[in-house]
Number of protein chains: 2
Amino acid sequence: MRAALSERSGRRRRSDVPEATVARLPVYLRALHVLADGGSSTVSSEALAAAAGVGSAKLRKDLSYLGSYGTRGVGYDVAELVLHVSAALGLGRRWPVVLVGVGNLGHALAGYGGFDERGFCVVGLFDVDPARVGERVGEQVVRHLDELDDVVHSARASIGVITTPASAAQDVCDRLVAAGITSVLNFAPALLQVPAGVDVRKVDLSNELQILSFHEHRKAARALTGVPA
Amino acid sequence: MRAALSERSGRRRRSDVPEATVARLPVYLRALHVLADGGSSTVSSEALAAAAGVGSAKLRKDLSYLGSYGTRGVGYDVAELVLHVSAALGLGRRWPVVLVGVGNLGHALAGYGGFDERGFCVVGLFDVDPARVGERVGEQVVRHLDELDDVVHSARASIGVITTPASAAQDVCDRLVAAGITSVLNFAPALLQVPAGVDVRKVDLSNELQILSFHEHRKAARALTGVPA
DNA sequence: ACGCGCTTGTGAACGCATGCACGAAGTCGA
DNA sequence: TCGACTTCGTGCATGCGTTCACAAGCGCGT
């Protein structure tokens, strides 16, 4: 059960970083890499914040959740901060990732170089379509979904990516969880039901477009009725 | 203090829907479509909330920003609510979309059926690589980026999707904005600078994985230090 | 006709996140 | 050594978003 929530104190523990902050850490990390490649050895919160597209106060507060790694009067050491942020994100190791659903999007993700660069390596591609099983994609060969357990166990994978149609997503998710996956990145437009202890993040391309559509619609309406300051 | 809010201090205007609510409207809409396909003619906030994965109070408040379209004691009429949510999202029309960067991901998105289903139609694919220009993808032929202005104008497109490498993203974005695009969906891992009045939404696959990595890392640490599984 | 039960819509309380302002702590030059 | 300057870390206030709880409203059975 949930022994983890035994301590219900209102105070925030040191290792307890707010979710909004966690979501920005990858952005900071990328900005830091750019700065490092550009030759900077130190950077002020102001400069880093600008590079990351946030306010400097927010950035300092975010980083303060990880510890006090800045030097007053100087700024942050870029290389050192990269290490600390990476450590906080758990990027000190390579994360094996399995991907289920080798359709259009699955192909694209399997071939996306950005994953390997950032410490994620695809250790298995799966599908149920016999026409796709055996196909070679990048450095992997598409396996049948039945082999999922073997691969997850032997590679000790804990992260799974779902790029199936919505109708198959929940079933695939169940099989991933059964195999031992505890973090799921879901591209299928479906709400996934998972047991406690399993994290799910959803990326829905249509949703994003519809949100843009909302604002676009509003802009058009605003333009018709005269533009108030 | 703020002249802009002079109209009605306490009351929120009808067209002023909180951003967090806007982000959930597409989720509700999808859940409604599922319910409609399932034969439901009415649905309670409790049931719809469960289908969308949110709390019922939140759902009611969200919908109340659009108006009072429910019937007390009964619930919401599914078909009617679909219309109202669609209208709020500006889905009463088809939105022409241009896509720049026909690489791995661009191919996948161009072939993704989910867009057309939801009222977005790709009216132009663009790239700068001469090897890709002329290639046929789906029902479109890849054009050179120089033709962007013509297509955007003739199709009256206002939404652009960027699936280029990060290094090209800002330049492409500038050209989109110059052509008249006012909403951008950016898949490149880069921070885009845009003038006021242009909306940008960013989707970064690596970021999502890194956020999962954070939680996975924390789960592992937690398992070691205190909490017996 | 009328009350009873169900569900919506919303005011109010609460909690989280953001922005501000300033003390603390370090560097650099004289 | 000392003082002036720079920049971090953070308490505090503010605003947004979520949750709670309940009155208002509607249909239905009697």
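FYI, side chains are in, hydrogens and waters are out, and symmetry mates aren't considered; it's all heavy atoms of this structure. Residue numbers start from 1 in every chain, and the chains themselves are labelled A, B, ... in the order their sequence lines are given, proteins ahead of strands.
- Between the side chain of S41(A) and the main chain of V78(A), no donor-acceptor pair closer than 3.5 Å is present.
- Rounded to whole Å, the distance from OH on Y65(A) to C1' on dT10(D) is 10 Å.
- R60(A) places a side-chain heavy atom less than 4.5 Å from the side chain of S56(A).
- Checked against salt bridge (charged side-chain N to carboxylate O under 4.0 Å, His left out), R72(A) has no partners two or more places apart in sequence or in another chain.
- Across dG9(D), dT10(D), dT10(C), the shortest atom-to-atom separation from the side chain of K61(A) is found for dT10(D).
- D116(A) is linked by a salt bridge (charged side-chain N to carboxylate O under 4.0 Å, His left out) to R94(A), counting only residues two or more places apart in sequence or in another chain.
- For the pair Y69(B) OH and dG9(C) C1', the computed distance is 14 Å after rounding to whole Å.
- Contacts with DNA chain D (heavy atom under 4.0 Å) in residues 74-89 of chain A: V74(A), G75(A), Y76(A), listed by number.
- Considering only residues two or more places apart in sequence or on other chains, D171(B) meets the side-chain hydrogen bond (donor to acceptor under 3.5 Å, both in side chains) condition with none of them.
- Residues from residues 19-30 of chain B placing a heavy atom under 4.0 Å of any atom in DNA chain C do not occur.
- Listed by first and then second residue, the salt bridge (Lys or Arg N to Asp or Glu O under 4.0 Å) pairs involving residues 19-46 of chain B are D204(A)-R30(B), R24(B)-D62(B) (not counting sequence neighbours).
- A donor-acceptor pair under 3.5 Å is absent between the side-chain atoms of K202(A) and the main chain of F187(A), judged by distance alone.
- Between the side chain of R72(B) and the base of dT8(C), a donor-acceptor pair under 3.5 Å is found.
- The ring-ring contact (aromatic ring centres under 6.0 Å, His included) check on H33(A) picks up nothing, with sequence neighbours excluded.
- Atom CZ of R93(B) has more than 12 heavy atoms from other residues, nucleotides or ligands within 6.0 Å.
- Across the protein-nucleic acid pair, L59(B) atom CG and dC20(D) atom C1' stand 16 Å apart, rounded to whole Å.
- An angle of 0°, rounded to 10°, separates the two end axes of the helix from dA1(C)-dT30(D) to dA30(C)-dT1(D), each defined over five pairs.
- Atoms CZ (R60(B)) and P (dA23(D)) sit 15 Å apart, rounded to a whole Å.
- Residues from residues 41-58 of chain A lying near DNA chain D, meaning a heavy-atom separation below 4.0 Å, are S44(A), S45(A) in numerical order.
- With sequence neighbours left out, the salt bridge (charged side-chain N to carboxylate O under 4.0 Å, His left out) criterion links K61(B) to no other residue.
- No donor-acceptor pair under 3.5 Å is formed between the side chain of T164(A) and the backbone N or O of G101(A).
- Not counting sequence neighbours, K58(B) has no partner by the salt bridge (charged side-chain N to carboxylate O under 4.0 Å, His left out) test.
- Judged as a side chain to side chain donor-acceptor pair (under 3.5 Å), the pairs with a partner in residues 177-195 of chain A (not counting sequence neighbours) are, in order, T182(A)-E216(B), S183(A)-E216(B).
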